[in-house]
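Quick notes on the structure that follows.
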Amino acid sequence: MDGDRMESGHQKQDVHVEVHVKSHSTAKLSEVRIHVLGLLNRHSMVFGNYRWAEFDDDFLQKHVQTVDVVDLEDLVTRPLDLKSCNVSVHIFTLNEDGPSTLSLEEDEELSAASHWMLPAAEFHGIWDSLVYDCGVKQQLLDYITTTIYFSDKMVDSNLISWNRVVLLHGPPGTGKTSLCRALAQKLSIRLSSRYSYGQFVEINSHSLFSKWFSESGKLVTKMFQKIQQLIDDKDALVFVLIDEVESLTAARSASQAGTEPSDAIRVVNAVLTQLDQIKRHSNVVILTTSNVTDKIDLAFVDRADIKQYIGPPSEKGIYNIYLSCLEELMKCQIIYPRQQLFSMCELETMGFARSEVSKHSLHLGNIAAKSKGLSGRALRKLPFLAHALFVKTQIVTLERFLEAMDQAVAKQMEEKADLANGV
């Protein structure tokens, strides 16, 4: 893994290029970098994010899966010349081992957490699949990059305070857990010149507090000792995710009300104490999620540097989610023949009334408007349901598939209303 600059200079656009090396490749990173820089020099004009999956270079064809110009969503309305930019190249290979379990007791099957080596094959592509408004993903990237930069520069944390804790909160199904996984994956690639690899530890706090009251805080302490061993390797960037962090509040409230053993509050306090200890290390980031905004433990809220609300997608976000789904189905030739669909940025730039705007893009816009209120999880499922329930052939035209999506949205909204009314 490595990061390198194609060209440097003041006041230039920063551009990141991610190079996914094939798992069987034995090529030296320096060789890969030279060939990638050659590719970027030969094809320096890009229009927003761009991916090469086939190459005019035999070396790249043999050793590299993809080369991606990434995170340029805001520049999609104008072409960009990479030769006039600060281009950082990040080279990585995916770890295909899958998750392991952090176990605490040799004679008991106590699963403390799941553990991945990053970048993980399982998390590949999640970042691109998540669509949010207002630059949420970029803000989180910038935040963590700054925490590590301040640590490297040895900024006195007594004078300028930061806790390395992120809290993502909002309703279920909006992709909070997926965003945490994708953020860790993205940063393990983005910071590959600083850290050799990433580690990702995912703790399910609901499971934690339901199982371990009887053992007080001892097992929690053991779990964090395991995490500390990961952090002690300064070549590793370690991410700790605590899902459903509102369970901290539930445990503490129940204990204080006398409805649970007093041992429960010791579990919660042990978690908070351990988090305060590990956040002192420069190579750790603590990510947390909550579905119940008004029940998040105040002790935890105080520790979070960023408290980001993740809500249902806007109409623009819905359109772009559907667009990515349709592009995938056209790539797989389930929707055939391939037809052009404009992105929402392109539609806004061109004006919806322009004659060159396809009727399919306008139809998709109408479907997106009707889909407001559906969660990101439901939106990603909708094209599958459209095909399963309303397409009667294996291969379908785009026009017919959009009609099926319209029907599927209507059915989803009907089911949602029935559930709300208790039908």
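- Under a 3.5 Å cut-off, the side chain of E96 and the backbone N or O of A121 do not form any donor-acceptor pair.
- Within a 6.0 Å radius of OH in Y309, more than 12 heavy atoms belonging to other residues, nucleotides or ligands are found.
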Practice task
Begin from the C-alpha positions of L94 and S23 and carry the test side chain to side chain contact (heavy atoms under 4.5 Å, CB included) through to its verdict.
Solution key: CA-CA 7 Å; L94 292 176; S23 57; over 6 Å; no
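- Using a 4.0 Å cut-off between charged side-chain N and carboxylate O, D152 and R194 make a salt bridge.
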Practice task
Quick one: do D243 and I203 satisfy side chain to side chain contact (heavy atoms under 4.5 Å, CB included)? Show the steps, please.
Solution key: CA-CA 6 Å; D243 234 353; I203 302 165; over 6 Å; no
Practice task
Could you go through the side chain to side chain contact (heavy atoms under 4.5 Å, CB included) check for V155 and W162 one step at a time?
Solution key: CA-CA 10 Å; V155 174; W162 69 98; 4.0 Å; yes
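- With respect to D71 and K186, a salt bridge is recorded, a charged nitrogen being found less than 4.0 Å from a carboxylate O.
- Between the S192 side chain and the I189 main chain, a donor and an acceptor come within less than 3.5 Å of each other.
- Side-chain atoms of T145 come within 3.5 Å of backbone N or O of L141 as a donor-acceptor pair.
- In this structure, the side chain of K416 engages the main chain of G373 through a donor-acceptor pair within 3.5 Å.
- For N95 (side chain) and D97 (main-chain N/O), a donor-acceptor pair under 3.5 Å exists by modelled atom type.
- A salt bridge between E202 and R181 is present, with a side-chain N of the basic residue lying under 4.0 Å from a carboxylate O of the acidic one.
- By the 4.5 Å heavy-atom criterion applied to side chains, Q185 and F200 are not counted as neighbours.
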Practice task
For the pair E403 and R400, evaluate salt bridge (charged side-chain N to carboxylate O under 4.0 Å, His left out) and give the outcome as yes or no after the intermediate values.
Solution key: CA-CA 5 Å; E403 291 170 3; R400 176 69 192 95; 3.6 Å; yes
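- Side-chain atoms of D235 never come within 3.5 Å of backbone atoms of S196 as a donor-acceptor pair (strictly under, hydrogens ignored).
- At distances below 3.5 Å, not a single donor-acceptor pair connects side-chain atoms of D81 with backbone N or O atoms of M45.
- Going from atom CG of L241 over to atom OG1 of T288 covers 8.0 Å, rounded to the nearest 0.5 Å.
- Side-chain atoms of T393 come within 3.5 Å of backbone N or O of I395 as a donor-acceptor pair.
- Under the 4.5 Å side-chain criterion, counting only non-hydrogen atoms from C-beta, H169 is not in contact with Q308.
- Defined by atom type and a distance below 3.5 Å, a donor-acceptor pair is missing between the side-chain atoms of S371 and Y319.
- Residues Q199 and H115 have side chains that bring a donor and an acceptor to within less than 3.5 angstrom of each other.
- Ion pairing between D302 and K307 fails under the 4.0 Å rule for side-chain N and carboxylate O.
- Judged purely by atom type and a 3.5 angstrom limit, K176 uses its side chain to pair as donor or acceptor with the backbone of G170.
- Comment: K331 engages E328 in a salt bridge, judged by a side-chain N to carboxylate O separation of less than 4.0 angstrom.
- Relative orientation of the W116 and F123 rings is tilted, given thresholds of 30° and 60° on the angle between their planes.
- Between K370 and D406, at least one side-chain N (NZ, or NE/NH1/NH2) sits under 4.0 Å from a carboxylate O, which counts as a salt bridge.
- Looking only at atom types and distance, the side chain of N86 has no donor-acceptor partner in the side chain of K12 under 3.5 Å away.
- Counted within 6.0 Å of NZ on K234, heavy atoms from surrounding residues, nucleotides or ligands total more than 12; the atom is thus considered enclosed.
- Under 4.0 Å is where a charged nitrogen must lie from a carboxylate oxygen, and between E18 and R51 no such pair does.
- Between the side chain of R380 and the main chain of S129, a donor-acceptor pair closer than 3.5 Å is present.
- Taking the six-membered ring for Trp and the full ring otherwise, the centers of H20 and H124 sit less than 6.0 Å from each other.
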Exercise for the section: Take L323 and S343 through the test side chain to side chain contact (heavy atoms under 4.5 Å, CB included) and record every step on the way to the result. Expected result: CA-CA 7 Å; L323 181 61; S343 72; 4.0 Å; yes
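- Under a cut-off of 6.0 angstrom, the local environment of OH in Y336 is sparse, with at most 12 non-hydrogen atoms contributed by other residues, nucleotides or ligands.
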